[in-house]
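Since the structure comes first, as structure tokens, the remarks are kept for the end.
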Number of protein chains: 2
Amino acid sequence: MTATIQTISPSCSDCPIRHRAVCARCEMDELERLEEIKYYRSFEAGQTIIWSGDKMDFVGSVVSGIATLTQTMEDGRTQMVGLLLPSDFVGRPGREGAAYDVVATTDILMCCFRKKPFEKLMSETPHIAHRLLEMTLDELDAAREWMLVLGRKTAREKIASLLSIIARRDASLTGDGGVRPMVFDLPLTREAMADYLGLTLETVSRQISALKKDGVIHLEGKRHVTVPDMGRLMEEAGDDSDGGVFA
Amino acid sequence: MTATIQTISPSCSDCPIRHRAVCARCEMDELERLEEIKYYRSFEAGQTIIWSGDKMDFVGSVVSGIATLTQTMEDGRTQMVGLLLPSDFVGRPGREGAAYDVVATTDILMCCFRKKPFEKLMSETPHIAHRLLEMTLDELDAAREWMLVLGRKTAREKIASLLSIIARRDASLTGDGGVRPMVFDLPLTREAMADYLGLTLETVSRQISALKKDGVIHLEGKRHVTVPDMGRLMEEAGDDSDGGVFA
DNA sequence: CGGAATGTTGAGAGTTGTCAAACAGCGTGG
DNA sequence: CCACGCTGTTTGACAACTCTCAACATTCCG
């Protein structure tokens, strides 16, 4: 149950998220200063990395693995408000407490910085602040996109939206061009998908079965998904699909 | 239908949003540089300020009035993803196109900057970039809070949540301490509330009537609201209310 | 005064949630 | 090796909430 703290720090230049994380824009000298204050922590699947309301004394980047941001009401209803993939940033410079629970969905490795030194470094190195603003704007866009899904889409459209987002993100990580049949693994349980989509897990299960029956997706086991026609999936998601893929 | 462009620029130091907007942290010399490139535009209620997908060539702050950020699906379903009040920032430095429609809900006055000069200024004055990051983080928090409302709350809780947010924001503007009976005007039509909450306007109307019948709120006309007991309203919203008010 | 926009209320339908049962996969231990 | 129990998933029946369609009331403004 304890997080492992690794004192050995692989070099930033070898880091798999070097070009996408908060440090993406750093020059060599800035990287060196970051390197001085960074440390790695790993968490096991299921572990809570940060509790909502707790004082945050570190910020950091996801190096590998997946985590979720969730909010919970007093009676237990929970809503996922973010999905953290490699290179995503955790923590909010300038804020005292954490606003959400951060939970490791898979085993996860994080590159951490103590908050105070990071804030100081940030105020001195515009490249970090600038990249963080850019990433925060991206997250805001993603959150607003998700508001449309939560507020206006049907259960079937919600599932299709989630699948198409995961498919696209997977493609961007593996460098896949988005060619015809896309294949990926669902990183979330039915319950986690339900929390993401504002549904119950039963409805998630039913809609996945329905999409499978209608040939929009193929399933191998519970988690391995094949999408024969991305355009079809995006239609099901209610997204403006037309443009792009076959052009 | 045309936006008025005012060439006369009142001084920044007299500006009502001086201490809350993106310029809040600026020193006098930075303010002067902003002053050089700023101009005012006013829009009438109902006018679209920015169309989703359009090239954005300016950014700016709401000085007075209210605007909304909305997304629309092909079949017309729309979801509001942001409510812009005085001091809120419009536009995304570093991005080409607008991601959402921005529509004036009331007559509105905006303090605008052409995008390129603003971006240049931003890269040279850390106080602006820093404040913008801070504001963007606040917006992200608000968006995520809203995801919980959209995904997990009942219609009644959604209405109560919206009312309590408007009440609190109104109180923070007027400097009201949040004392017992709170009074405010709804800045939105039933339809706009529905688009905000992911409901139909009929459901909005019914739930407002229900809250009124149950004495949670009092109505004078359609828009003027009195909340005799904020704690009660927050309970109805499903929020952790206990702490605070009566302590 | 009349017409358009906004808001309220009712009846019935449909989607999604709730409760319940059963199945599948998987690691543990007898 | 197989029984067992755990977690995750599927499926069914029914209920509940919200939407849809429709009529009517109210307010705003020309």
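Below, chains carry the letters A, B, ... as their sequence lines are ordered, and counting in each starts from 1. Since we're looking at a predicted model, the values are computed, not measured. Because only heavy atoms are used, hydrogens play no part in the values below, and waters and symmetry mates are left out as well, while side chains stay in.
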Length of the line joining A:R152:CZ and C:dT15:P, which is rounded to integer Å: 17 Å
A:R92 with B:D138: basic N within carboxylate O range, under 4.0 Å: no
Interatomic spacing from CD1 in B:I108 to CZ in B:R41 - rounded to 0.5 Å: 11.5 Å
Distance, rounded to the nearest Å, where A:R190 contributes CZ and C:dT16 contributes C1': 18 Å
Gap between atoms CE and C1', on B:M193 and C:dT6 respectively (whole Å): 11 Å
Stepwise side chain to side chain contact (heavy atoms under 4.5 Å, CB included) test for A:R169 and A:L83: CA-CA 11 Å; A:R169 205 141 49 174; A:L83 188 57; 3.2 Å; yes
Nearest-angstrom distance from the residue atom CD of B:Q207 to P of C:dT8: 12 Å
Between CG on residue B:L163 and CG on residue B:L211, distance to nearest 0.5 Å: 7.0 Å
Inter-residue atom distance B:L84.CG - B:E139.CD, 0.5 Å rounding: 7.0 Å
Side-chain (A:R223) to main-chain (A:L186) donor-acceptor, under 3.5 angstrom: yes
Short side-chain to backbone donor-acceptor contact, B:D75 and B:R77, under 3.5 Å: yes
N/O donor-acceptor pair under 3.5 Å between A:R152 side chain and B:L199 backbone: yes
OG-CD1 distance between A:S209 and A:I217, expressed to the nearest 0.5 angstrom: 8.5 Å
Heavy-atom contact window of chain A on DNA chain D, given 5' to 3' at under 4.0 Å: D:dT9 to D:dA13
Under 3.5 Å, which N/O atoms of the protein pair with N/O atoms of nucleotides 22-24 of chain C?
none

Rounded interatomic separation in angstrom, taking CZ from A:R206 and P from C:dT15: 13 Å
A:Q71 side chain reached by A:S52 side chain, heavy atoms, under 4.5 Å: no
Atom pair CG (A:L69) and CE (B:M147), whose distance is rounded to the nearest 0.5 Å: 9.5 Å
Sidechain N-carboxylate O distance under 4.0 Å for B:E236, B:R232: yes
Residues from residues 194-203 of chain B lying under 4.0 Å of DNA chain C - heavy atoms: B:L201, B:E202
Rounded distance in Å - CG (B:L186) to P (C:dG7): 9 Å
Min side-chain heavy-atom separation A:D229-A:L233 under 4.5 Å: no
Neighbours of DNA chain D within residues 154-163 of chain A, by heavy-atom distance under 4.0 Å: none
Nearest-Å distance for atom pair CZ/P, residues A:R223 and C:dC26: 11 Å
Reported CG-to-CD distance for the pair A:D195 and A:Q79, which is rounded to 0.5 angstrom: 7.0 Å
Test ring pair (Phe, Tyr, Trp, His ring centres under 6.0 Å) applied to A:F89 - qualifying residues, sequence neighbours left out: A:F118
Terminal helix-axis angle for the helix from C:dC1-D:dG30 to C:dG30-D:dC1, with five pairs defining each axis and rounding to 10 degrees: 30°
Nucleotide C:dT16, atom C1' - distance to CD1 of A:I208 in whole Å: 16 Å
Touch class at under 4.0 angstrom, heavy-atom based, for B:S205 against every strand present: base
Atom CD of A:E191: over 12 foreign heavy atoms under 6.0 Å: no
